Every structure is written in structure tokens, then in C-alpha cells.
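Read the numbers this way: they start at 1 and go in the same order the structure lists the ligands and their atoms. Quick caveat: nothing in here was measured; it's all calculated off a predicted structure. Just so it is clear, the values below take in all heavy atoms, side chains as well, and ignore hydrogens, waters and symmetry mates.
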Amino acid sequence: MAKSILVLAEQLRGGISDITYEMLGAGRAIAQALGVPLEAVLLGSGTSQLASSLGAADKVFVADNPELDLAAPETVAEVVKTLVDKTGADIVLVGCTNVSLGIGSILAARSQMPLVNFCRAIKVDGGGLVCTSQLFGGKILSDVKLADGRGIIGVYPGAFPIEQGRSDRTPPTEAIDVSVQPSKIRFKQYIEPASGDVDITKQHVLVAVGRGIQTQDNVQLAEELAQALGGAVCASRPVIDQGWLPLTRQVGKSGMTVKPRVYLAFGISGAPEHWEGMQNSQCIIAVNTDPKAPIFDGAHYGAVADAVELLPILTEKVKMRKG
Ligand SMILES: Cc1cc2nc3c(=O)[nH]c(=O)nc-3n(C[C@H](O)[C@H](O)[C@H](O)COP(=O)(O)OP(=O)(O)OC[C@H]3O[C@@H](n4cnc5c(N)ncnc54)[C@H](O)[C@@H]3O)c2cc1C
């Protein structure tokens with residue numbers, strides 16, 4: 001029987017990251033099913049103020065210490081282990097993000113707890129937990145049972161709704177005093193990605209183009225539809241590799257993860273590496289000339305049609321509708 005659930009809250013540059021709310025929402029559902037408290041731990045500078053936005057947790061442990069800002073995974077793992085030893089938390093949720101990846105495995109080794117990484121779903125099964133882990137970039141989903149209900153769960157970003165982890169409630173906090181051991185790895189500088197372009201992760205509507213768009217000139221057809229819909233254009237990797245759009249517009253494994261309300265995919269086959277970056281879109285509409293294109297297996301709506309022919313017709317229809 002689990003004692004408590006601990007979420008390792010993630011903050012970046014003075015703000016709580018979305019993954020934190022995803023984990024709090026997922027953690028709350030498990031805590032409710034198991035009848036145990038949900039706690040969070042927040043490390044870094046300014047944590048005292050940020051902790052107030054973690055009201056989905058029953059309690060937040062805070063270590064307000066600039067030495068813990070983007071600290072090395074081994075340093076964070078040590079702090080979390082100390083807390084796990086103190087509270088007896090037997091389920092720990094950690095984000096599989098660029099910031100937190102690596103912490104879970106060190107924590108698992110040091111605390112002798114099993115680790116399941118890249119979890120897209122978690123369900124309570126009897127007294128234990130079944131975690132659906134994504135392997136090989138999404139080609140395989142594996143259900144892993146944490147038999148005695150104890151373990152570290154690496155949460156895949158974008159897999160759980162953010163809203164369920166948000167709360168207006170101010171949680172009780174407890175300051176924790178931690179001694180930070182010097183690490184061989186130190187955070188030196190945050191390098192901003194190239195700016196000046198649209199942030200596709202913040203768009204409600206995305207018009208995505210793949211190799212099926214055929215020419216650079218045809219990308220303009222997608223731009224026009226995106227403009228009419230109030231969205232932005234993004235692309236699969238071959239389009240970026242051709243230099244038809246900047247890297248900031250690439251969706252997928254080696255690009256951005258997006259979750260718009262509507263994702264229109266024109267001439268995209270639906271390779272796992274692309275699917276990985278857009279599968280959590282609320283509504284996926286695919287247009288492809290090949291009725292057997294894999295994207296149709298996951299899309300909510302699909303049309304077997306020529307993207308180059310259909311794009312201007314759609315733009316025209318949207319403009320007419322908008323008057
Ligand atoms: C390590 C690694 C990382 C990767 N990361 C990414 C990533 O981040 N993002 C990404 O996208 N890919 C990534 N890839 C590449 C990925 O495997 C695919 O090759 C890529 O997603 C395919 O892009 P596509 O669907 O545009 O092209 P294709 O697979 O060539 O598909 C083109 C589609 O267009 C259709 N088509 C052709 N003409 C038309 C037309 N006139 N109208 C409508 N449809 C038409 C075809 O039927 C076809 O289905 C990665 C690969 C690796 C190995």
C-alpha cells in the first residue's frame with residue numbers, strides 16, 4: 001500500500017513548466033485512487049513564490065536555493081532521495097524533459113526503486129500501478145506493472161492534460177534545508193533559441209506540410225490557409241531539410257511537440273518520428289493522396305486528395321465563411 005506520491009516540480013527561468021501541471025494532474029488521479037496524499041517538491045531560486053501555484057498538491061516542499069537552479073541530475077536526485085527517505089514517498093513522478101531527464105535513473109539507482117520512463121498513461125490496478133511506456137520513439141507501447149506499487153515514473157511531456165494539475169488553492173509549504181554537494185556538471189548559461197519566428201507550440205491552429213507539398217512555392221498555399229484560419233504553418237522534417245521553412249517550424253522527434261486545437265496535415269505520411277510531435281493535438285485532419293498513408297490510422301478526419309489542389313479551395317471557403 002502506497003504511503004504518498006511525490007511530484008518533482010520543474011521550473012525554468014522563473015516559471016513553472018507545463019510538465020509540472022501534467023504530473024500534478026496525473027498524480028492527483030493516482031493519489032485519489034490509492035487514498036494517499038499528493039506532495040510536490042520544488043527546487044531552485046524564487047521557489048517560495050512559485051510554490052503557491054502548485055495547489056493541486058496537498059503539500060509542497062521547497063528548497064529556495066540558487067545552487068539548485070538547473071542543477072545537475074545527480075544533485076537533484078540526491079535532494080529528492082533525502083526527501084523520499086524522510087517522507088516515505090513510494091511513487092515519484094519526474095518529467096522526461098530536457099531539464100529533468102536523467103534524474104529518474106540516478107534516483108532509481110540510489111533509492112533501489114524501479115523506474116519506468118516515457119510514461120504516456122498510468123492506471124491503478126489492484127494495489128499496483130500499470131504505466132504505459134513509449135519505446136522506440138512511439139513505435140511500441142509497453143504496459144509495465146509496478147507490482148508492489150513502488151517506483152519512479154518518468155512522465156512523457158504532453159501525455160497528460162495540464163488543466164487537471166492547475167488549482168486556485170494555495171498549498172501548505174514546508175521549507176527543506178538541503179546541503180548541495182558540488183557537482184562536476186554545472187549549469188553555465190541559458191542560450192535562447194533563434195527568436196523572431198512564430199512559436200508553433202503556442203498556436204491553436206497549425207497547418208502542417210510534408211514532402212507531399214512538392215515545391216517551396218506550394219508552401220505559400222499553406223501560409224495562406226494558416227492566415228485565413230488565424231494559425232501558423234509548420235512542417236515535417238523533409239520540408240525543413242530542404243530549407244523551405246526554418247527549423248523552428250519542425251514538428252516531431254527532433255523538432256517541436258505541439259498540441260493545437262486543430263492540426264491540419266497536408267502531404268504528411270505519419271511516420272512515428274512526426275507522429276510523436278503532434279499526436280496530442282485535439283483534432284487531427286489529414287490530407288493525403290495515398291489512402292493507405294499511416295497518418296489516417298490516427299487522424300480524427302481524413303481526406304484522400306491532392307494537397308496542392310485542395311489548399312487554395314479550403315482557403316477560399318474559410319475566407320467566404322469569415323465574410
Ligand atoms: C532520428 C530521427 C528523427 C526524426 N525526426 C523527425 C521529426 O522531428 N519530424 C519529422 O517530421 N520527421 C522526422 N524524422 C523523419 C521521419 O522518419 C520521416 O521520414 C518524415 O516524417 C517523413 O516526412 P513526410 O511525411 O513529409 O514525407 P513522406 O514520408 O515522404 O510522405 C509524404 C506523403 O505525402 C503524400 N503525398 C504525395 N503527394 C501528395 C499530394 N500532392 N497531396 C497530398 N499528399 C501527397 C504521400 O502519399 C506521402 O504519404 C526523423 C527520423 C529519424 C530517423
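- Minimum interatomic distance between M278 and I295 (heavy atoms only, all atoms of both residues): CE-CD1, 4.4 Å.
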(request) Could you walk me through whether D58 and R28 pass the salt bridge (Lys or Arg N to Asp or Glu O under 4.0 Å) test, one step at a time? (result) CA-CA 9 Å; D58 296 309; R28 172 52 65 205; 3.0 Å; yes
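- A side-chain donor from one of T201 and D199 sits under 3.5 Å from a side-chain acceptor of the other.
- Distances from ligand 1 to the non-hydrogen atoms of E276 include no value under 4.0 Å.
- With atom 46 (C) of ligand 1 as the reference point, the heavy atom nearest to it among N218, N288, D241, I240 is part of N288.
- Short contacts between ligand 1 and G255, defined as distances under 4.0 Å to a heavy atom of the residue, involve ligand atoms 8 (O).
- The closest approach between any non-hydrogen atom of G277 and ligand 1 is not below 4.0 Å.
- Set against the non-hydrogen atoms of G252, the atoms of ligand 1 under 4.0 Å away are 7 (C), 8 (O), 9 (N).
- Every atom of ligand 1 with a heavy atom of S236 under 4.0 Å away is listed here by number and element: 11 (O), 23 (O), 24 (P), 26 (O).
- Closest to atom 31 (O) of ligand 1 among all protein heavy atoms lies S269 CB, 3.3 Å.
- From the protein, the heavy atom lying nearest to atom 30 (O) of ligand 1 is R211 NE, 2.7 Å.
- Taking a distance limit of 4.0 Å, we find that atom 19 (O) of ligand 1 is approached by no protein heavy atom.
- Shown in contact with G210 at under 4.0 Å from a heavy atom are these atoms of ligand 1, numbered in order with element: 26 (O).
- Nearest protein heavy-atom contact of atom 45 (C) of ligand 1 is T289 OG1, 3.3 Å.
- Between L206 and L264 the shortest side-chain heavy-atom distance does not fall below 4.5 Å.
- Within the structure, ligand 1 lacks A235 among the residues with a heavy atom less than 4.0 angstrom away.
- The atoms of ligand 1 that sit less than 4.0 Å from any heavy atom of I268 are 25 (O).
- Around atom 39 (C) of ligand 1, the closest heavy atom drawn from A208, G267, G212 belongs to G212.
- Counting non-hydrogen atoms of other residues, nucleotides and ligands closer than 6.0 Å to CZ of R110 gives a total above 12.
- Each of V79, V178, V41 was checked for a side chain to side chain contact (heavy atoms under 4.5 Å, CB included) with F61, and the lone residue meeting it is V41.
- Of the listed residues (G270, S254, A303), the one carrying the non-hydrogen atom nearest atom 6 (C) of ligand 1 is S254.
- Residue contact check: A271 has heavy atoms under 4.0 Å from atoms 16 (C), 17 (O), 18 (C), 21 (O) of ligand 1.
- Counting heavy atoms only, E273 comes closest to atom 16 (C) of ligand 1 of the residues M278, Q250, E273.
- Under a cut-off of 6.0 angstrom, the local environment of CZ in R169 is crowded, with over 12 non-hydrogen atoms contributed by other residues, nucleotides or ligands.
- In the displayed structure, F187 atom CZ is contacted under 6.0 Å by more than 12 heavy atoms of other residues, nucleotides or ligands.
- No side-chain heavy atom of F160 sits under 4.5 Å from any side-chain heavy atom of I19.
- Atom NZ of K292 has 12 or fewer neighbouring heavy atoms from other residues, nucleotides or ligands inside a 6.0 Å radius.
- Ligand-side atoms of ligand 1 in range of A305: 42 (N), 43 (C), range being under 4.0 angstrom from any heavy atom.
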Distance-only check: which donor-acceptor pairs under 3.5 Å involve side-chain atoms of residues 223-234, not counting sequence neighbours?
| unit_1 | atom_1 | unit_2 | atom_2 | d |
| --- | --- | --- | --- | --- |
| E224 | OE2 | Q220 | NE2 | 3.4 |

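- The parts of A307 lying near ligand 1 are both backbone and side chain, judged by heavy-atom distances below 4.0 Å.
- Residue K253 has at least one heavy-atom neighbour below 4.0 Å for each of these atoms of ligand 1: 3 (C), 5 (N), 7 (C), 8 (O).
- Using a 4.0 Å cut-off between heavy atoms, I213 makes no contact with ligand 1 at all.
- In terms of heavy-atom proximity, A51 sits nearest to V62 at CB-CG1, 3.6 Å.
- Around atom 4 (C) of ligand 1, the closest heavy atom drawn from H274, E309, M256, R237 belongs to R237.
- Looking at atom 9 (N) of ligand 1, its nearest protein heavy atom turns out to be V251 O, 2.8 Å.
- Judged purely by distance below 3.5 Å, without hydrogens or angles, the side chains of D85 and T82 never pair a donor atom with an acceptor atom.
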Which donor-acceptor pairs under 3.5 Å do side chains of residues 123-135 form with protein atoms, sequence neighbours excluded?
| unit_1 | atom_1 | unit_2 | atom_2 | d |
| --- | --- | --- | --- | --- |
| D125 | OD2 | K145 | NZ | 3.3 |
| T132 | OG1 | D143 | OD1 | 2.8 |
| S133 | OG | N117 | O | 2.8 |
| Q134 | OE1 | R120 | NH1 | 2.9 |

